[in-house]
Amino acid sequence: MSINFHNPDQYMASLRTIIAQGRKRVGILIGAGAPAGMANDDGTRPLIPAVAGLTTQILTVLEPTYKIQIEGLKADAAKHDIETLLSRIRSLSNVIGKTQVHGLDGDGYRKMAEAICGEIGKIVNVRLPTNFSPYSELVSWITGASRSHPVEIFTTNYDLLFEEAFERAQAPYFDGFTGSREAFFDPASVSDERLAPRWSKLWKLHGSLGWKANDHGEVVRTGQTDATHLIFPEHLKYDQTQKAPYAALLDRLRSFLATEDTLLVSIGFSFADAHISARIGEALAVNPASSVFAFQFQTLDKEQCAVELAKRRSNFSVYARDQAVINGVTAKWAPPLEFPTKDWEPIRHSYWRESPGGGPPEFQLGAIEAFARFFANARAPQAFAPVSVQVPVDTAPEAAASTVETTK
C-alpha cells in the first residue's frame with residue numbers, strides 16, 4: 001500500500017522563487033485571521049478580534065438596549081456572526097416599514113444597524129504596531145522588486161491597517177475611489193489593467209472605515225474613521241448605484257483569477273464566505289492556469305470550507321498546520337531528512353517548526369507573522385537568524401495561531 005506525503009521544501013522553494021522574481025501576477029486574499037494574529041505595541045493580543053470575538057464584543061454592548069431583537073434574530077438564522085446579523089437587520093429596516101418584528105419597526109432596525117456599525121468602527125479603528133508589523137513586511141516585499149504587474153490585495157476586513165502600511169512606506173496604492181473631499185467610486189478603473197506596476201491595488205470586499213452613502217445613495221470614501229457602510233453585500237437588495245462598489249470588487253476578484261498565469265495567496269481567511277468562495281471556484285474552473293494557495297492556521301480537519309473547494313478544483317491548494325491538499329491529493333507533511341541545499345536549514349525554519357515539547361512538527365505559514373516574514377525574506381540569498389514570534393491561540397476559524405518560531 002502506497003503512503004502519500006507532501007514535501008514542504010519542494011512547494012516552499014517554488015513559492016519563494018515565484019514571489020521573489022516579480023514577474024508573475026500575484027494577489028493576496030486577507031481575512032479576519034490576519035489582524036487577529038497580530039499584537040499591539042504592549043504585546044497584548046489580538047490587535048483586532050476575528051469575527052467570533054467581534055460578534056461577542058458588539059452584542060455585549062448592544063444587549064442592554066436590543067436584547068429582545070438579538071434573541072429573536074438569532075432564533076431566525078442559522079448563523080449568528082455579526083455580519084449575518086447586520087445583513088438581516090439592514091434587510092428588515094428596508095422592507096417592514098411600520099410593521100414590527102421582534103418589537104422594532106423599520107426605523108428601529110435602521111438605528112440598530114447604525115449602532116452596530118458604530119461599535120464595529122470603534123473596535124477596528126486601531127493603528128499598526130510601532131515596530132514589528134506583518135503588514136509592513138508584506139508592503140516591503142511588494143515594493144522590494146521590479147514588477148511586471150501590480151500586486152492586488154483583496155480583503156474582507158474593515159480596518160485601515162493596509163492603508164497605513166502603504167502610507168508609512170510611501171508606496172502608492174489604488175482602492176477604486178478617486179477625489180478628495182468625498183472620493184467617489186469608479187467601477188471602470190477597477191477593471192482597467194493599465195495602472196503602473198508600482199501601484200498596488202487594494203480592494204475592500206466588505207466595505208471599510210470611512211465609507212458612507214451620500215445624499216444620492218452613492219458610496220463615497222470620506223477619509224474619516226467612522227463606520228457607516230460596512231455590509232455583507234450578498235445579503236442586501238441595493239439599487240444598482242449602491243451595489244456598485246461591492247459588485248465591481250467581487251467581479252474584480254473573479255476576473256483577476258480568470259487572467260492567464262495568476263496566483264492568489266490567502267491568509268487568515270476561512271472560505272466560509274460563500275459569495276467569495278463561489279467566485280473563486282468559478283474562475284478556477286474557467287482558467288486552469290491560475291492557482292490559489294490557501295494558508296490555513298488550523299489543522300486540516302478544521303478547515304472544511306477550504307478543503308471542500310480544494311476537492312472540487314485541483315488548482316486550489318490548502319496548506320494547513322498538519323496536512324495539505326495539493327493537486328487534489330490530501331496527505332500529511334513530511335520533510336526529507338536532508339536539506340535540498342546546504343544553506344536551506346534556516347529557510348526551512350521559516351515555514352516548518354519542530355515542536356520543542358516533543359509534539360508533532362507543524363507547517364506554520366498559516367500564522368500572519370510567519371507568513372509575512374517568509375514573503376519579506378523571499379529575496380534573501382540564503383540564511384537569516386531565527387527569531388521567536390508569539391502568536392495567540394484563537395478558536396475562531398479565521399484566527400491565526402499558536403506560538404511559532406520564524407525568521408528574521
Quick one: pull up [atom1] in [X] and [atom2] in [Y] and give me the separation to the nearest 0.5 Å.
X    : Y    : atom1 : atom2 : answer
D159 : S208 : CG    : OG    : 7.5 Å
T222 : R181 : OG1   : CZ    : 12.5 Å
L249 : T155 : CG    : OG1   : 11.5 Å
E345 : S350 : CD    : OG    : 12.0 Å
S133 : R168 : OG    : CZ    : 6.0 Å
L263 : S317 : CG    : OG    : 9.5 Å

Q: Let me see the working for W141 and F375 under ring-ring contact (aromatic ring centres under 6.0 Å, His included), right down to the final yes or no.
A: CA-CA 6 Å; W141 161 70; F375 273 63; 4.9 Å; yes
If only atom types and distance count, is the side chain of [X] paired as donor or acceptor with the main-chain N or O of [Y] below 3.5 Å?
X    : Y    : answer
Q296 : V318 : no
Q304 : D301 : yes
H6   : V329 : yes
T262 : A258 : no
D186 : G176 : no
D322 : E362 : no
R353 : P361 : no
R313 : G281 : yes
D105 : G108 : yes
R379 : A20  : yes

For the residue pair [X] and [Y], what are the closest heavy atoms and their distance?
X    : Y    : value
V190 : A248 : CG1-O, 4.0 Å
A196 : P150 : O-CG, 3.8 Å
P245 : V219 : CG-CB, 3.7 Å
D175 : F185 : O-CE1, 4.4 Å
A272 : K79  : O-NZ, 4.4 Å
L15  : F295 : CD2-CZ, 3.6 Å

Would [X] and [Y] count as having a side-chain donor-acceptor pair, cut-off 3.5 Å?
X    : Y    : value
Y351 : D9   : yes
D192 : S189 : no
Y173 : E167 : yes
D76  : H102 : yes
D41  : T130 : yes

Q.
I'd like to know whether L73 forms a side chain to side chain contact (heavy atoms under 4.5 Å, CB included) with M112, so could you lay out the CA-CA distance, the side-chain angles of the two residues, the decisive distance to 0.1 Å, and finally the verdict.
A. CA-CA 12 Å; L73 292 168; M112 186 178 180; 4.2 Å; yes
Q) Below 6.0 angstrom between ring centroids: does that apply to F363 and W333? A) yes
**Q.** Aromatic contact, F184 with F177 (centres under 6.0 Å)
**A.** no
Check ion pair [X]-[Y] (N to O, under 4.0 angstrom):
X    : Y    : answer
K204 : E163 : yes
E182 : R221 : no
R252 : E193 : yes
D261 : K24  : yes
E119 : K122 : yes

**Q.** Test side chain to side chain contact (heavy atoms under 4.5 Å, CB included) applied to L138 and F162, step by step
**A.** CA-CA 9 Å; L138 285 174; F162 250 116; 3.9 Å; yes
Q: Take V124 and L161 through the side chain to side chain contact (heavy atoms under 4.5 Å, CB included) test and state the conclusion after the steps.
A: CA-CA 9 Å; V124 305; L161 297 177; over 6 Å; no
With heavy-atom distances below 4.5 Å as the criterion, would you say the side chains of [X] and [Y] are in contact?
X    : Y    : value
K111 : Y66  : yes
F166 : T143 : no
L195 : K201 : yes
Y135 : I30  : yes
L257 : N287 : no
Y246 : H206 : no
Q57  : I123 : yes
N157 : P35  : yes

Q: Start with the C-alpha distance between F316 and F293, add both sets of side-chain angles, then the distance that settles ring-ring contact (aromatic ring centres under 6.0 Å, His included), and finish with yes or no.
A: CA-CA 6 Å; F316 184 100; F293 294 172; 9.5 Å; no
(Q) Counting neighbours of CZ on R127 that are heavy atoms of other residues, nucleotides or ligands and sit closer than 6.0 Å, is the number greater than 12? (A) no
Q.
So for atom CD, which belongs to Q170, do other residues, nucleotides or ligands contribute more than 12 heavy atoms lying within a distance under 6.0 Å?
A. no
Q.
Walk me through whether D81 and T84 qualify under side chain to side chain donor-acceptor pair (under 3.5 Å).
A. CA-CA 6 Å; D81 64 89; T84 302; 2.8 Å; yes
Q) Yes or no on side chain to side chain contact (heavy atoms under 4.5 Å, CB included) for V286 and E282, after CA distance, side-chain angles and deciding distance? A) CA-CA 6 Å; V286 171; E282 291 166 6; 5.7 Å; no
Q) Think R90 forms a cation-pi with Y109, using NZ or CZ under 6.0 Å from the six-ring centre and within 45 degrees of its axis? A) no
